Amino acid sequence: MAFTVRKMEETDLLAVQALFARMQTKQPVTLEDPLIVVENDAGELIATVGLEKANIYGLLRTMVMDSAKMSSSALVEFIQMALAYAQTEGVETVFAASQGNATLFELLGFKRQETDAIPNEIKEIEHYQTVVEQDGVSIWAYGCSPFSS
C-alpha cells in the first residue's frame, strides 16, 4: 500500500475532524494546527500527526490513525515518512513523548532524553508542557540530520 504524506490543507479539515471523531480523539482540530496528513492509495485520509516546529527542532504530537485501515508495518512506514517530512521542513531533531514503554520509538532510532537535554525551544511549546506533567511520560529524540546528536 502506498501512502502520501503532506501538510494539512484547508480542504482536509472536515476529513481530519471526522477521523478524530471516529478515533474518539477529544482534541479539537483547526486549520492553525500544524498537522501532517497521510492518505492511502485510494485517497482516503487515514492518519495525522502534528509537527510543531521550533527553530531546528520539531515535536511530534497528537498522532491519530484509523487502525482499521493501517497495519502495524504501515504505522512504522508512516512514522518514518513523518520524520522524512520533518527533515524537508528544516527540522534537525524531532522530539516525541510517550507513556510507558515506547519500543516503537526505540526501533525507529529515537533515544530517550533526560529533561536537561531537551532544548528550551521544545520546553516552551504548550503541548510539551502539558504532556510532561503526566505520570510516566518519557521524551524521545530522533536526529534527522547526520550532524545532529
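All values reported here derive from a predicted model rather than from experimental measurement.
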*Asks:* K7: what forms a salt bridge (charged side-chain N to carboxylate O under 4.0 Å, His left out) with it, not counting sequence neighbours?
*Replies:* E89
*Asks:* What pair of heavy atoms forms the shortest contact from Q87 to C144, and how long is it?
*Replies:* NE2-O, 3.1 Å
*Asks:* Could you check if a side-chain atom of R61 sits within less than 4.5 angstrom of a side-chain atom of V49, using non-hydrogen atoms only?
*Replies:* no
*Asks:* Who are the side-chain hydrogen bond (donor to acceptor under 3.5 Å, both in side chains) partners of Q113, not counting sequence neighbours?
*Replies:* none
*Asks:* Verify the cluster assignment for Y85 and Y142: are they in a single hydrophobic cluster under the rule of side-chain heavy atoms below 4.5 Å apart?
*Replies:* yes
*Asks:* Answer whether the closest heavy-atom distance between the side chains of L83 and F110 falls below 4.5 Å.
*Replies:* yes
*Asks:* Flag the pair L75 / M63 as yes when at least one side-chain heavy-atom distance between them is below 4.5 Å, and no otherwise.
*Replies:* yes
*Asks:* Just wondering, are more than 12 heavy atoms of other shown residues or ligands nearer than 6.0 Å to CD in E10?
*Replies:* no
*Asks:* Would a single hydrophobic cluster contain both I46 and V16, if residues Ile, Leu, Val, Met, Phe, Trp and Tyr are joined by side-chain heavy-atom contacts under 4.5 Å?
*Replies:* no
*Asks:* Mark yes or no for whether Q99, through its side chain, and D135, through its backbone, hold a donor-acceptor pair below 3.5 Å.
*Replies:* yes
*Asks:* How many angstroms lie between atom CG of L13 and atom CG of D33, to the nearest 0.5 angstrom?
*Replies:* 9.0 Å
*Asks:* Does R6 come within less than 4.0 Å of E39, counting only side-chain N to carboxylate O?
*Replies:* yes
*Asks:* Which residues pass the side-chain hydrogen bond (donor to acceptor under 3.5 Å, both in side chains) test with E44, sequence neighbours left out?
*Replies:* N40, K69
*Asks:* Can you name the residues that form a side-chain hydrogen bond (donor to acceptor under 3.5 Å, both in side chains) with S138, not counting sequence neighbours?
*Replies:* R112
*Asks:* Determine the minimum heavy-atom distance between A47 and M65, stating which atoms define it.
*Replies:* CB-CG, 3.8 Å
*Asks:* Is it the case that T62 and Q27 place a side-chain donor and acceptor less than 3.5 Å from each other?
*Replies:* yes
*Asks:* Please test W140 against K111 for side-chain contact (heavy atoms from CB on, under 4.5 Å), starting from the C-alpha separation and ending with a verdict.
*Replies:* CA-CA 5 Å; W140 300 83; K111 295 180 180 162; 5.6 Å; no
*Asks:* One pair to check against side-chain contact (heavy atoms from CB on, under 4.5 Å): L104 and I79. What are the steps and the verdict?
*Replies:* CA-CA 10 Å; L104 178 61; I79 295 173; 3.4 Å; yes
*Asks:* Taking the side chain from D66 and the backbone from A68, do they hold a donor-acceptor pair closer than 3.5 Å?
*Replies:* yes
*Asks:* In terms of hydrophobic clustering (I, L, V, M, F, W, Y; side-chain heavy atoms under 4.5 Å; direct or indirect links), are L108 and V91 co-clustered?
*Replies:* yes
*Asks:* Mind checking side-chain hydrogen bond (donor to acceptor under 3.5 Å, both in side chains) for E133 and listing every partner two or more places apart, or none if nothing turns up?
*Replies:* none
*Asks:* Identify whether M70 and F20 are in the same connected component of the hydrophobic contact network (ILVMFWY, side-chain heavy atoms under 4.5 Å).
*Replies:* no
*Asks:* Is it true that L35 and V5 fall in one hydrophobic cluster, defined by side-chain heavy atoms closer than 4.5 Å?
*Replies:* no
*Asks:* Using only atom types and a distance under 3.5 Å, with no angle test, would you say the side chain of Q129 pairs donor to acceptor with the backbone of K123?
*Replies:* yes
*Asks:* Within a strict 4.5 Å, meaning less than it, do heavy atoms of the V38 and L45 side chains meet?
*Replies:* no
*Asks:* Does the side chain of E32 pick up a donor-acceptor pair with the side chain of T30 at under 3.5 Å?
*Replies:* yes
*Asks:* Output the rest of the hydrophobic cluster of I118: all Ile, Leu, Val, Met, Phe, Trp and Tyr residues reachable through side-chain heavy-atom contacts under 4.5 Å, sorted by chain and number.
*Replies:* I56, Y57, L59, F95, I122, I125, Y128, V131, V132, V137, I139
*Asks:* Assess the residue pair T48 and I36 against the criterion (side-chain contact (heavy atoms from CB on, under 4.5 Å)); give the C-alpha distance rounded to whole Å, side-chain angles, the decisive distance to 0.1 Å, and a yes or no.
*Replies:* CA-CA 5 Å; T48 67; I36 299 169; over 6 Å; no
